[in-house]
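Structure first, commentary second.
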Amino acid sequence: MAGRILLLFACLLLASPAHAELSDTKRALIQELFPSATVIEEKLPDFPVYPVYQLQELLGYAYESIDHSRLQGFAGKPIRLLVGLDARGRFTGVKVLHHHEPVFLHGLGEAPLFEFVDQYQGRSLREQIIVNTSNTNRSGARSDGNVVHFDGVSKATVSVLIINDTVLSSALKVARNKLDGFAQSAPTRARANFFEPLDWQQLVERGYLGRGTITVGQVEAELGRPLANYPENVAPDTGEPFAKLFFGYLNAPMVGRNLLGDEGYQRLMGRLGDQVQILAVMSGGRYPHLAADFVPGSSPDRIGLVQNNLAVELRDLNLLDQNLTIEAPGMPALGVHTLFRIGGNAGFNPGAEATLQFNIELARNHLIVDRASFDLPVRFDGDMFETVAVAPNPEDTRAPVWVGLWQERWWQIALLVLGLTTLTVFFARQRTLSRHPKLVHRFRWGFLFFTLFFIGFYAQGQLSVVNIYTLFLAIWDGFSLNVFLLDPVIFILWTYTFVTLFIWGRGLFCGWLCPFGVLQEMAAWLGEKLSIRQLRIPERWHRRLILIKYPILLGLVGTAFYSLTLAEQLAEVEPFKTSITLLFVRYWPFVAYAVGLLIIGMFVHKFYCRYLCPLGAGLAVLGRFRLFSWLDRVELCGNPCQHCKNACGINAIRKDGRVDYDECIQCLECVVILRDDEECVDKRLKTKQRIKQAHILATDAGDT
């Protein structure tokens, strides 16, 4: 009897997780994704999805994204989503189960996040979904053929791109495992030694280059009206096609070497590597494959690639120039040549059949637009390819999300690197340049404006204590550099700040690269111009108050290991998100707090930096390991001269003349004073001594 009770108890223990897996709350959410569902089954033991039926008919599958993709969000934790996918590969909806994205939790609010994921409903895996960001020239969700543009979320570009990658990559896994028509063909690759010199006509006739022609009659039949009815002058000359396209798989030496030449082919493949697949597309006629307003480096609207019922990403490589051109003997005059990176989440199998979709969009007037789409078969000669015994999953070989982000923000990266390089040169030569006070002051204010308006407001490069405990949590949970590469501006700033901590200490960031620090600097300047009396905290109280920021830092980091959500809420001690990220457009208590700190800063110079900033505390701790002490002192500094101390707005100079590098913001004001013959007391005394000595010598000479 006792044995049976123990056996029953063990069965209950083993069975309880299965029954608890599909809770009432989760079942209700799945019901929202499939309103007509009558049966929602438990998660399958062999593949983590929930089958959904209407009576005996399979409607599709619901699944949790974390079971198929553990891509980490901006806060270092995966974003948990519940996704519905019907039997034809269309999204029935996406629900956010849990996330730690700070900009949505404690900034913009979650409404923009929910609005973003709502865009997936009704979209298909057969479509290529592109998220519009603040750096694109589009607004509004729209669809062009199999290319669908989603509205992004301003100030949350990284988060929504991670969500998009999570949704698509996980849905592809489910489709390939559970849905008919999405199975992959035997994987192939280009044969490395298959080549012979051929002219253009031979490449086309042997099937090494694909081609397609769209006639005027076909277009008019599809649109239902003659081309003459459109105000755009799109009608070609009599006998000429509306559009003609040629395309080839450039990785294959037979195509790549014949189109680019041996040198061009080797240079291109050496630059991009073996993992990047390239499709060359050339077109002519009145309607080429790229529009006149096409943005280089982006995805095209007029053409799309589909394989195994899945949209394959096409993205312009923007590499064709005078040193790399498509040329082949007998090549016809084609107006537009493009090299596209192909693959994305779906991957691409070059030896298998695919479809190139050519999308036509003609405006009848400013309100009505007619659209037509033509499918061009993509099937290259099989001799160019060989079967691969074991092929990696596309998600294992495709470029990480951060690669696209870095490419998209290339000019911001270039400008930031240029600015940091200029700042480094300035600091390296500070002893020489500080002899020119006006130059130093003008450069400092010019760079502060660059920090506030470009690094802060535009590029969103405000570092935060959140980044510190995100790093600690990443190390604790399993470090991945990909998380930190998602925001190129933040990554570059952190890398630069970390390196310079060991050279100049914390002051280079706190005094020059912190956007909110610049706002405080401006508040202090405004207070001075308004003749507001500056309050100087007594030395003994100042030395105590500067310690407050260290327990704040420890409390935040410790809380993060207990509850990341609570730590994110407590991180509101930083006014950075309110002032820099959201430009003071936020719930009034947060705005009042940030503005209040700036007002206090008009009376007490950089009050927040000195006494409350946990980020500054963390940087000060690391800054103690600096290798150099760049700020020179002389014998009279502090004994008796107090000129530098009195001029130091942040009170980072002790009475004995020593510089407190833990508090110093490297404004270089004391360096300028020390180099100035009129300002520095030591130099003035030495000048007087020289004059006196010269007078004595002159007098002695006269007496002689």
Side-chain angles (χ1 to χ4, degrees), residues 29-30 32-37 49 52 58-65 68-69 71 79 81-97 112-133 136 138-153 156-157 159-182 298-315 343-347 355 357 359 361 369 371 373 375 394-395 398 401 404:
L29 290 174
I30 295 175
E32 291 181 23
L33 296 176
F34 295 89
S36 61
V49 292
V52 181
L58 177 68
L59 296 179
Y61 298 92
Y63 65 89
E64 290 187 55
S65 61
H68 304 275
S69 173
L71 181 65
I79 301 171
L81 305 168
L82 183 66
V83 183
L85 194 67
D86 72 12
R88 290 184 290 174
R90 295 179 305 181
F91 292 103
T92 62
V94 176
K95 302 287 185 182
V96 180
L97 298 179
L113 171 61
F114 299 149
E115 291 173 2
F116 174 78
V117 300
D118 284 346
Q119 296 176 95
Y120 287 96
Q121 185 174 1
R123 305 307 343 171
S124 172
L125 277 175
R126 294 176 172 85
E127 299 170 320
Q128 181 185 347
I129 296 176
I130 298 174
V131 178
N132 297 335
T133 68
T136 64
R138 298 178 178 276
S139 62
R142 53 174 292 192
S143 175
D144 298 310
N146 75 328
V147 180
V148 179
H149 295 274
F150 276 11
D151 264 339
V153 181
T157 299
S159 296
V160 297
L161 288 176
I162 291 170
I163 291 171
N164 186 58
D165 191 270
T166 299
V167 170
L168 296 182
S169 60
S170 59
L172 285 169
K173 287 185 179 179
V174 173
R176 284 172 172 149
N177 276 273
K178 291 297 178 182
L179 301 184
D180 294 334
F182 289 90
S298 64
S299 297
D301 292 333
R302 291 186 175 179
I303 59 171
L305 189 63
V306 176
Q307 189 175 62
N308 294 329
N309 291 315
L310 298 173
V312 179
E313 181 183 17
L314 292 175
R315 183 170 290 274
N345 287 288
T355 301
Q357 294 183 334
N359 307 309
E361 192 175 277
V369 177
R371 295 180 175 86
S373 182
D375 290 344
E395 56 268 20
R398 62 184 172 86
V401 177

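As the structure is a prediction and not an experimental result, all values here were calculated from the model. Counting from 1, the numbers follow the sequence of the chain as shown. Just so you know, these numbers use all the heavy atoms, side chains as well, and skip hydrogens, waters and symmetry mates.
- Side chain of Ser69 to backbone of Ser65: no donor-acceptor contact under 3.5 angstrom is found.
- Counting heavy atoms from C-beta on, the side chains of Val49 and His68 come closer than 4.5 Å.
- A side-chain donor-acceptor contact under 3.5 Å links Tyr63 to the backbone of Ala171.
- Residue Phe116 comes nearest to Asp151 through the heavy atom pair CD1-O, 3.2 Å, listed as atom of the first residue, atom of the second, then distance.
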**OP:** Go through the steps for Leu179 and Asn309 under the test side chain to side chain contact (heavy atoms under 4.5 Å, CB included), then give the verdict.
**Re:** CA-CA 11 Å; Leu179 301 184; Asn309 291 315; over 6 Å; no
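- Of all non-hydrogen atoms in Val52 and Ala37, the two that sit nearest each other are CG1-CB, 3.3 Å.
- Rounding to the nearest 0.5 Å gives a distance of 7.0 Å between CD1 of Ile162 and OG1 of Thr166.
- Shortest non-hydrogen contact noted between Gln357 and Ser373 is CB-OG, 4.4 Å.
- Applying the ring-ring contact (aromatic ring centres under 6.0 Å, His included) rule to Phe91 yields the partners Tyr120; only residues at least two apart in sequence or on another chain are considered.
- Here CD1 of Ile130 is found 6.5 Å from CZ of Arg315. Values are rounded to the nearest 0.5 Å.
- Across every non-hydrogen atom of Glu64 and Leu97, the tightest pair is OE1-CD1, 3.7 Å.
- For the atom pair CG of Leu168 and CD1 of Ile163, the computed distance is 11.5 Å after rounding to the nearest 0.5 Å.
- Separating the CG atom in Asn359 from the CD1 atom in Ile303 is a distance of 9.0 Å, to the nearest 0.5 Å.
- In this structure, the side chain of Ser124 does not engage the main chain of Arg90 through any donor-acceptor pair within 3.5 Å.
- Rounded to the nearest 0.5 Å, atoms CD1 (Ile79) and OG (Ser159) are 5.5 Å apart.
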Original post:
Where do Leu81 and Val96 land on the side chain to side chain contact (heavy atoms under 4.5 Å, CB included) test, with the steps shown first?
Top reply: CA-CA 5 Å; Leu81 305 168; Val96 180; 3.9 Å; yes
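- Checking side-chain atoms of Asp86 against main-chain N and O of Arg88 turns up a donor-acceptor pair under 3.5 Å.
- Every residue meeting the side chain to side chain contact (heavy atoms under 4.5 Å, CB included) condition with Leu33, not counting sequence neighbours, appears here in chain and number order: Leu82, Thr92, Lys95.
- Gln121 places no side-chain N or O within 3.5 Å of a backbone atom of Asp118 that could act as its donor or acceptor partner.
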Subject >> Working for side chain to side chain contact (heavy atoms under 4.5 Å, CB included), residues Arg176 and Asn308 >> reply: CA-CA 9 Å; Arg176 284 172 172 149; Asn308 294 329; 5.8 Å; no
Original post:
Checking side chain to side chain contact (heavy atoms under 4.5 Å, CB included) for the pair Val160/Asn164: CA distance, chi angles, key distance, verdict?
Top reply: CA-CA 6 Å; Val160 297; Asn164 186 58; over 6 Å; no
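- For Leu125 against Ala175, the heavy-atom pair with the smallest separation is CD1-CB, 3.6 Å.
- Judged as a salt bridge (charged side-chain N to carboxylate O under 4.0 Å, His left out), and not counting sequence neighbours, Glu115 has no contacts.
- Glu361 contributes no side-chain N or O that, together with a main-chain N or O of Val369, makes up a donor-acceptor pair within less than 3.5 Å.
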